[in-house]
Amino acid sequence: MSNIKIVDAPEGLEGSGFFATSLDKAIGLARSYSLWPLPFATSCCGIEFMATMGSNYDISRFGAERPSFSPRQADLLMVMGTIAKKMGPVLKQVYLQMAEPRWVIAVGACASSGGVFDSYSVLQGIDRVIPVDVYVPGCPPRPEQIIDGLMQVQHLAQNESLRRRNTEEYKALLESYKVL
Amino acid sequence: MDTVLIVKAIIVVAIFAISMLMALYETYAERVIAAFIQDRVGPDRAGPFGILQPLADGGKLFFKEDFIPAKADKWLFILGPAVAMSTALLSSAVIPFGDTIIVAGQKIDVQGMDVNIGILWIFGIVSLGVYGILIGGWASNNKYSLYGAIRAASQTISYELAMGISLLAIILMTGSLSVKSIVLGQHGIDWNIFYQPMGFLLFLTCSLAECNRTPFDLPESENELVAGYHTEYGSMKMGLYLFSEYVNMFISSAVLASLYLGGFNYPGMDFVYNKLVGSFGEVTGHNLATAIGTLTLFLKIFFFIFLFMWIRWTLPRFRYDQLMNVAWKWMMPVAIVNLIITAAAELSGKPLLYNWVGLAIFGAIYFGLFPIFKKKTVSAN
Amino acid sequence: MTLTNRSRKTDNSELSIVENTYFPGIFKGMGVTIKHFFSKKATIRYPEQKRYLGPVFRGHHILKRDDQGRERCTTCGLCAVACPAEAISMVAAERVKGEEKLYREEKYAASYEINMLRCIFCGLCEEACPKEAIYLRHDKFVPVFTSRDQVIYGKDQLVEDMGDRYLRDAWTKEDMAKLWIKQ
Amino acid sequence: MEDNIPMAENTLILPKDSNDALALNVPMVEDKQYSTLNLGPVHPATHGIFQNILTMDGEKIVDSEQTVGYIHRAFEKIAERRPFYQITTLTDRLNYCSSPINNFGWHMTVEKLLGVKVPKRAEYIRVIMMELARISDHLICNSILGVDTGAYSGFLYVMQEREKIYEIYEEVCGARLTTNMGRIGGMERDLSPTAIAKIRDLVFNSFPKVWAEFETLFNRNKIFRDRIQNVGAISSARAMEYGFTGPNLRATGVDYDVRVIEPYSSYEDFDFEIPIGHKGDTFDRFMVRNGEVWESLKIIQQAIENLPEGPYYADEDHYYLPPKKEVYSSMEALIYHFKIVMGEIDAPVGEVYHAVEGGNGELGFYLISDGGRTPFRLHFRRPSFIYYQAYPEMCKGLTISDAVVIMSSLNVIAGELDA
Amino acid sequence: MINNESIVEEVVGQFGQKVFGFEEPFGLLTFTTNASDLIEVVGFLKNHPQFKFGFLTDLAGIHFPDNTGGELCSVCMLHSWENNIRVRIKVFVPISDPKVPTLTTLFAAANWQERETFDFYGIEYIGHPNLKRILNMEDMDYFPMRKEYPLEDATREDKIDALFGR
Amino acid sequence: MQYLELIKNLSFVQWAFYFLSILSLFGALGTILSKNPIHSVVYLILTFFTLSGIYLLLNAQFLAAVNIIVYAGAIMVLFLFVLMFLNLKKESNELSQNSMLISAAIAGGLLGLILIVAIKKAETIRVNYNDFDAKTGMIETLGKVLFNNYMLPFELVSVLFLVAMSGAVLLAKREKGDSHF
């Protein structure tokens, strides 16, 4: 147990000026340790996600064990597996139904870029439909890599200001995907 | 007078706060217990041993975008979680969390209020708990939610009956509707569970059903109905639903502990009381003894919460029609039989002995006659 | 219908009366789960604890250098042809005088790019390489990306760093077989 | 209607004449309003992605309409542009729960076309790997059935064993799920001592215990039994009509197993039984898979005990990559190396059908070669795709909970379904 | 004992000139029939008291661009479990008018397989209860498995096709 | 000013009474005025609650509890349950708005008239605080009264309910076919 990295209290909580810390940090930390994933598992990578949820890798250590199959409750859309062109609109709708703040991980080669399936029916990467925050390479990625991806999202969540979702850049990003 | 009121107010607030805190940490406990049962380690990043995990969840839920689906019924959509949470919290009022404490020369109950219809109160509030789910599920305007709501409503109504009848046996034994007097009647180790083993099992099962826990978690069974009645809820509204479930679990455990496991009674309590009074004086000793009783109660509550989770992570869930079958064809008759046995045992004057004798007779009849019935039904088909 | 003489009916015996009361099943199940509650946990705490992935795991690509620090790749293109995902592309260049210290063969890769998001880590490139130049490391994954610009790995990320050489038990399966015999 | 015939509500009144018929032209039974429920494409019960539009009468399913193709990846089209050895990577992704079976099935198809005889050791290694894959496939299916009925823990107990199978894969081929294991003409490398030790440990020690424990958790638990017994039953004749194969067919009582009927890869050497069910309901499917896991264990135990010595690949220069050392030293080996990697292996013209017993049934490869470097046409007979058609018939009249259970007991793998 | 010869004998005896092109690639009896006779031939094999070809193993389409007049081929494979023997039946139809009678009347399993073949090759199965695309989107306007259509997704950007004659 | 004084001097019980009364009136009005039946039910539940509160003020704890358990907890749940199945979008008003209004007005007026007459005729019982039994309305008293003075009606009613229940079960079962009859 000794070598477990423990979250430090947000800076500023110690010492006299304890309110100097911004709310952003605290909420960012809270968010990062409570990323409820929506496993959008279509194929092979979904099985690896099962392994990630399983006892040996245990995604719950990161507070991300409660899979929310309802997009309203999810914070993290994990797209795992091939997204065919037929599936694209569904994926987009799921993304639209999610509440802010939302993050997207493209797990595996198929979701990130189409991978080996360079064919008429496969979407060449989900970032043509929705904005993606983290790409996890591998086909399928090992659970370790999926956890890496999750930790990357945690990192993003911790460093995101509370107001980011209201900024112009973010709106422009959504606009570019026509999801606003 | 004033001190008494203030102390009472403090107790009420404390009960409230404890219920909330318990609910908060039950989520953590659920995660850890689930993890341990499944050979995992559970949350261990947010704070030491993941102890800050509930805070992280809460913080996230509070700051998540709160939106109401366009097709939803706006007011009822908001009302649903509120009702669920408030009804869940209300029933903690009549649970005696301890004996009495002596403040300023007066004995004050460690209880929200000691009404002589305590059990009816619990019963009434529990029956209202379904409104939160029903309203929320309907207002979401989503078919999965509606199915969840409908399942929740029919399940709660069905299981309330068996619950009520199994409770009647307890009332018959103690002759009081006040929870406090029921608890006081189980002094020492004279617990009701020894008189009412079957009633206890029935009540336990019904409380599982009332809390929507596995094997009765049909309203939110995620493999069938996505998330059931709270499919459309996000952010803190869903948080309230989740919390209310855990508050319900806490209250159920407390009720179970009070009614069947003697509440704040524990074996050898008189000895402890006398020792404490002897060494610390009348007031302090009494208060200390009460504190020990409260601790005992909480230990029992923890046990029940653990049991609930243990059951949840072991058993598969029922199907809708099987759930109804169990309620109406199994639990109701058995509860009535239990009631009759209890009544007879009470009349006999030796309740402990004759309760068991009655149960034994019932068991013998059941296991002796059931095969014959079964054969008949098979041949009828 | 029975087609063979090797069939065996599965057990579908009725539940007994006692089992029909739900309790035996429930208690047995709860016994199993409580046993696991107190058993040793299987979890590998990943970022701190890492698992050994076996001697042949197919991870991060590496372009090996030989012992003198010269790049082995000769841009024959077999790896690119063998790649089912068509993730490898390269541009060849002739070695000029004075570059013998850098490149082992007369031809070398002026640029060698792998699209890490396309790659499916099948290991066919490693097998196809006649010069033992490309390998999939068994001890390292490709890291996660946060933007599309990072995904194409050029030679700067692929060629082995002589200060931190990649080692493995055996470089070819023949060597590996020899190793096993020793064991 | 002045006559005084006592009329019960449901008594059918036959019209006396045409006038009367008009007067009675009121629907006797009120038209029921059905609601539709969209099970999928994003629903936790559809492991993988497909859609079922259920027409519901309350909680009862009246009808359902399926939509598939949400992860259609055009395997067959891609296969027409890839050399034979690269298609292995595609077969990995067919039924991704049991990739090695697909890999070897494909290799055997090509070997049949090329006329390559694989040595005994390679066949035994293949059998071991295929049975491990079958175990891991059935593990997923049966434990997911537990998850779908709400018991989550059993799933995680057996997933630990699956993890051990993954470790064996890793030792053998270097990947966990999409194995790309084996080559045309044999294995890419021999079984390492570590791998053998791990397999032995799995099949003799750890796995039987865990599987027995899993059975205690579920087999005789009344709640679970009630959930799955008499749910989604299908007769053997109907199942045959629908092209069922594999465990789902065997659950109906037909002992069709490709491993026994048309033994391939030395399956005839092993002594095992075919568990068959009684009436083809979900419980039978569950029990047949359970039984098959035990049988697979038996096969692996026999194979690992009797693993023959010898080469692990066919000595065919034309089709099997030469050792790297020879590529450096001998010109001939270098040429073969280039030819094989480029895919110019001079395949004969012809059409081959080869079937193996996949995780879900008869997995067939129908290959037409025109002598080029790629298949002219490659068709996969995907068992899931064929038997999933029967789903509406199986869940008609049942509740949504049953629909979920039937779906997971059918073990429809989206990768195989949509191809 | 039933073997390929006896089947050929029986089938030729029953249908004469309607069945032709007998082959035995890798021991699997293959023959061709006309689209109009397909149902009859398959029904005969299915209901034959000895053959009992009661199982439709596979149904697929093939595109032979060079086979003028019979560019599209619908091939079905039957399996007799009792005798453990397989037979493959082919039907060639011109690409301009690809019409084949449906086997759904004989085998329920043919339903989706025929839809898939229609989806891929555009072979129309006459009498099929629900002949529409199954794997691809409804609004697709070509049959992707025909040889003239390219494999690659036209929108892929991250590949240099000039390399190595791909 | 006088009213203000009055309000100031109200006791806690009176405050509670007025509050509950206003709330119950609000609930009752909401019940009949809201267009959505589900809203009506929710308002009705609110009304039951406030009525239970008033019972409590009258020291009729048992009645209050039973009111909540039976009406709010069971009957209204079933109401809501049934309403949820209905297709609420459809306007099933066969009568026109006007005729509805007229008939409602007549019915309401008649009811009001009867109430006025009844109240006028009723004798108000003045409670003597000296010998008032505080336990009136408690369960013990109630139970004694029920099982002593009203034994026969009570048992008859329970038999009636039993008959009704079995009848309901039979009726509900009939749907499956005529094998049960």
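Each chain gets a letter, A, B and so on, in the order the sequences are listed, and its residues count up from 1.
- The interface of residues 14-25 of chain F with chain B, defined by heavy-atom distances below 4.5 Å, is empty.
- The contact between B/Ile157 and chain F is made entirely by side chain atoms (from C-beta outward), counting heavy-atom distances below 4.5 Å.
- Proximity to chain B (any heavy atom under 4.5 Å) is restricted, for F/Phe49, to the side chain, taken from C-beta onward.
- Of the two parts of B/Ser154, the backbone and the side chain both hold a non-hydrogen atom closer than 4.5 Å to a non-hydrogen atom of chain F.
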message: Set out, in order, the CA-CA distance, both residues' side-chain angles and the distance that settles side chain to side chain contact (heavy atoms under 4.5 Å, CB included) for B/Asn212 and B/Gln155, then state yes or no.
response: CA-CA 9 Å; B/Asn212 298 331; B/Gln155 171 182 329; 3.3 Å; yes

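- Of the atoms belonging to B/Leu79, it is side-chain heavy atoms, and not backbone ones, that fall under 4.5 Å from chain F.
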- Message: The test is side chain to side chain contact (heavy atoms under 4.5 Å, CB included); show your working for B/Ser140 and B/Tyr229 and say whether it passes.
- Response: CA-CA 8 Å; B/Ser140 306; B/Tyr229 55 88; over 6 Å; no

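- For the set F/Ile45, F/Val70, F/Val41, the count of heavy-atom pairs under 4.5 angstrom toward chain B peaks at F/Ile45.
- For residues 144-154 of chain B, the set of pairs meeting the salt bridge (Lys or Arg N to Asp or Glu O under 4.0 Å) definition, not counting sequence neighbours, comprises B/Arg151-B/Glu224, B/Arg151-D/Glu59.
- Judged by distance alone, the side chain of B/Tyr144 and the main-chain N or O of B/Glu232 form no donor-acceptor pair under 3.5 Å.
- Considering all non-hydrogen atoms of both residues, B/Gly137 and B/Ser145 come closest at O-CB, 3.3 Å.
- Only the side chain of B/Leu76 comes within less than 4.5 Å of a heavy atom in chain F; its backbone stays farther off.
- Here the side chain of B/Tyr159 pairs a donor or acceptor atom with the backbone of B/Leu323 at under 3.5 angstrom.
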CA sep, side-chain torsions, deciding dist, call: B/Asn248, B/Glu210, side chain to side chain contact (heavy atoms under 4.5 Å, CB included)
CA-CA 8 Å; B/Asn248 268 332; B/Glu210 297 285 325; over 6 Å; no

- Dump the intermediate steps for side chain to side chain contact (heavy atoms under 4.5 Å, CB included) on B/Thr205 and B/Val326, then the final yes or no. CA-CA 10 Å; B/Thr205 319; B/Val326 169; 5.6 Å; no

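- There is no side-chain donor-acceptor pair under 3.5 Å between F/Tyr71 and F/Ser52.
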